[in-house]
Undergrad: 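The structure is given below, and queries will be raised subsequently.
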Amino acid sequence: MQVLVISCSLNPDSRSAELAREAVAEFDARQARAELADLRDYDLPLCDGQDAYAHPQVGELARLIRDADAVLMAVPVYNYYANAAAKNLIELTGKAWNDKIVGFMCAAGGHGSFMSVMALANSLMLDFRCLIVPRFVYSTGEGFHAAGLAPAVAERVGRLADDTVRLVRALKAAPATQ
């Protein structure tokens, strides 16, 4: 099993990156190989519907997504929506998302953006037939401390990892449909 965890924040002090690192550790504890792709390490172009797709780092990320059994996106919430870098990534890598299991972890400034990932989830379901993990992690600033994630947030990341592993195993065991 290969899980890709994508940290979508571009902020050097990213809280969603903390969620991503915790998720990698949780998958490792479950003997599921997890790889972290941090968008701060990529110089992605803005999707222009033309030349941007040929950028070498777009191809690299598309391959990581395509090779993964499941993808977890750790996104910051800005203005009641997942950040633009997450949407840009999906636009750039398009069909690499086909038939993926996808989960979400959100770092937000307030409690009012709880449904912020639904537009991304809907797009992934409708455009790429992704299966969205129905459990996702949402945390405001009170879930982050200098010493790491609050225990309740870390526990929710662990439950998301459990559900993701269970879904991947179930789909791999199910007979293929025509």
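This chain uses plain numbering: 1 for the first residue, then up along the sequence. Given the structure is predicted, the values throughout are model-derived calculations rather than measurements.
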Undergrad: Report yes if the side chains of V165 and Q31 come closer than 4.5 Å at any heavy-atom pair, otherwise no.
TA: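 Heavy-atom side-chain distance check fails, nothing below 4.5 Å.
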
Undergrad: For V168 versus A70, what's the shortest heavy-atom pair and its separation?
TA: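 Looking at all heavy atoms of both residues, the closest pair is CG2-CB, 3.8 Å.
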
Undergrad: Minimum heavy-atom separation for M73 to A86, with atom names?
TA: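 Shortest heavy-atom separation between M73 and A86 comes out as CE-CB, 3.8 Å.
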
Undergrad: Which distance, rounded to the nearest 0.5 Å, do you find between the CZ of F144 and the CG of D13?
TA: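 The CZ atom of F144 sits 12.5 Å away from the CG atom of D13.
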
Undergrad: On a heavy-atom basis, which atom in V153 and which in G143 lie closest, and how many Å separate them?
TA: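 V153 and G143 have their closest heavy atoms at CG2-CA, 3.8 Å.
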
Undergrad: Taking all non-hydrogen atoms of both residues, which atom of R40 and which atom of S9 are closest, and how far apart?
TA: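 Answer, listing the atom of R40 first, then S9: CG-O, 3.2 Å.
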
Undergrad: Using 0.5 Å steps for rounding, measure from the CG atom of N83 to the SG atom of C106.
TA: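 So the gap between those two atoms works out to 10.0 Å.
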
Undergrad: Ignoring hydrogens, what is the shortest heavy-atom contact between Y81 and K87? Give both atom names and the distance.
TA: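 For Y81 versus K87, the nearest heavy atoms are OH-CD, 4.0 Å.
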
Undergrad: Would you say L61 and F104 are hydrophobically clustered, going by side-chain heavy atoms of ILVMFWY under 4.5 Å?
TA: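 As far as the 4.5 Å side-chain criterion goes, F104 and L61 are connected within one cluster.
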
Undergrad: Sequence neighbours excluded, which residues qualify as salt bridge (Lys or Arg N to Asp or Glu O under 4.0 Å) partners of K100?
TA: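 If we apply the salt bridge (Lys or Arg N to Asp or Glu O under 4.0 Å) test to K100, skipping adjacent residues, there are no hits.
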
Undergrad: Which value, rounded to the nearest 0.5 Å, describes the distance between I132 atom CD1 and L167 atom CG?
TA: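 Here the interatomic distance stands at 10.5 Å.
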
Undergrad: So if you build clusters from Ile, Leu, Val, Met, Phe, Trp, Tyr with side-chain heavy-atom gaps below 4.5 Å, do L4 and Y42 land together?
TA: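 They do share one cluster, since a chain of ILVMFWY contacts under 4.5 Å joins L4 to Y42.
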
Undergrad: Should I6 and M1 be regarded as members of a common hydrophobic cluster, given that ILVMFWY residues are connected when their side-chain heavy atoms come within less than 4.5 Å of each other, either directly or indirectly?
TA: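 Per the 4.5 Å side-chain linkage, I6 and M1 are not co-clustered.
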
Undergrad: Tell me, with the steps shown, if R159 and E155 meet side-chain contact (heavy atoms from CB on, under 4.5 Å).
TA: CA-CA 6 Å; R159 286 188 301 208; E155 180 184 329; 3.6 Å; yes

Undergrad: Flag the pair D67 / Q2 as yes when at least one side-chain heavy-atom distance between them is below 4.5 Å, and no otherwise.
TA: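 No, their side chains stay 4.5 Å or more apart.
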
Undergrad: Kindly compute the distance separating OG (S123) from CE (M125), expressed to the nearest 0.5 Å.
TA: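 S123 OG to M125 CE: 9.5 Å, rounded to 0.5 Å.
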
Undergrad: Looking at L72, L19, L39, L36, which one forms a side-chain contact (heavy atoms from CB on, under 4.5 Å) with S7?
TA: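 Passing option: L36.
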
Undergrad: Under a 4.5 Å cut-off applied to non-hydrogen side-chain atoms, are I101 and V133 in contact?
TA: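 Touching, per the 4.5 Å side-chain cut-off.
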
Undergrad: Enter the distance from L124:CG to L131:CG here, rounded to the nearest 0.5 Å.
TA: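 The CG atom of L124 sits 11.0 Å away from the CG atom of L131.
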
Undergrad: Name all residues meeting the side-chain hydrogen bond (donor to acceptor under 3.5 Å, both in side chains) criterion together with D162; count only those two or more places apart in sequence or in a different chain, and write none if there are none.
TA: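 If we apply the side-chain hydrogen bond (donor to acceptor under 3.5 Å, both in side chains) test to D162, skipping adjacent residues, the hits are R30.
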
Undergrad: Write down the atom of V117, the atom of V75, and the distance for their closest heavy-atom approach.
TA: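 Between these two residues, the closest heavy atoms are CG1-CG2, 4.0 Å.
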
Undergrad: Evaluate S116 against Y80 for side-chain contact (heavy atoms from CB on, under 4.5 Å), listing each step before the verdict.
TA: CA-CA 6 Å; S116 59; Y80 301 95; 5.8 Å; no

Undergrad: Rounded to the nearest 0.5 Å, how far does CG of D163 lie from CZ of R135?
TA: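 The CG atom of D163 is 4.5 Å from CZ of R135, to the nearest 0.5 Å.
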
Undergrad: Applying a strict under-4.5 Å side-chain criterion to I, L, V, M, F, W and Y, I'd like to know whether L92 and V71 cluster together.
TA: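 Same hydrophobic cluster.
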
Undergrad: Keeping D127 on the side-chain end and N122 on the backbone end, is there a donor-acceptor pair under 3.5 Å?
TA: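 Here the side-chain-to-backbone pair does not exist.
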
Undergrad: Tell me whether H55 contacts the main-chain N or O of Q57 through its side chain, where contact means a donor paired with an acceptor under 3.5 Å.
TA: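 Pair found, side chain donor or acceptor close to backbone of Q57.
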
Undergrad: For F136, which residues count as a ring-ring contact (aromatic ring centres under 6.0 Å, His included) partner, sequence neighbours excluded?
TA: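 Listed in chain order: F114.
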
Undergrad: Is R156 reaching over with its side chain to a backbone N or O of Y138, donor-acceptor style, under 3.5 angstrom?
TA: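 Between the backbone of Y138 and the side chain of R156 there is a qualifying donor-acceptor contact (under 3.5 Å).
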
Undergrad: Is there a path of hydrophobic side-chain contacts, each under 4.5 Å between heavy atoms, that joins V3 and V102?
TA: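 In one cluster: no.
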
Undergrad: Can you confirm whether D99 is buried at CG, in the sense that more than 12 heavy atoms of other residues, nucleotides or ligands lie under 6.0 Å from that atom?
TA: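 Counting other residues, nucleotides and ligands, CG of D99 exceeds 12 neighbours.
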
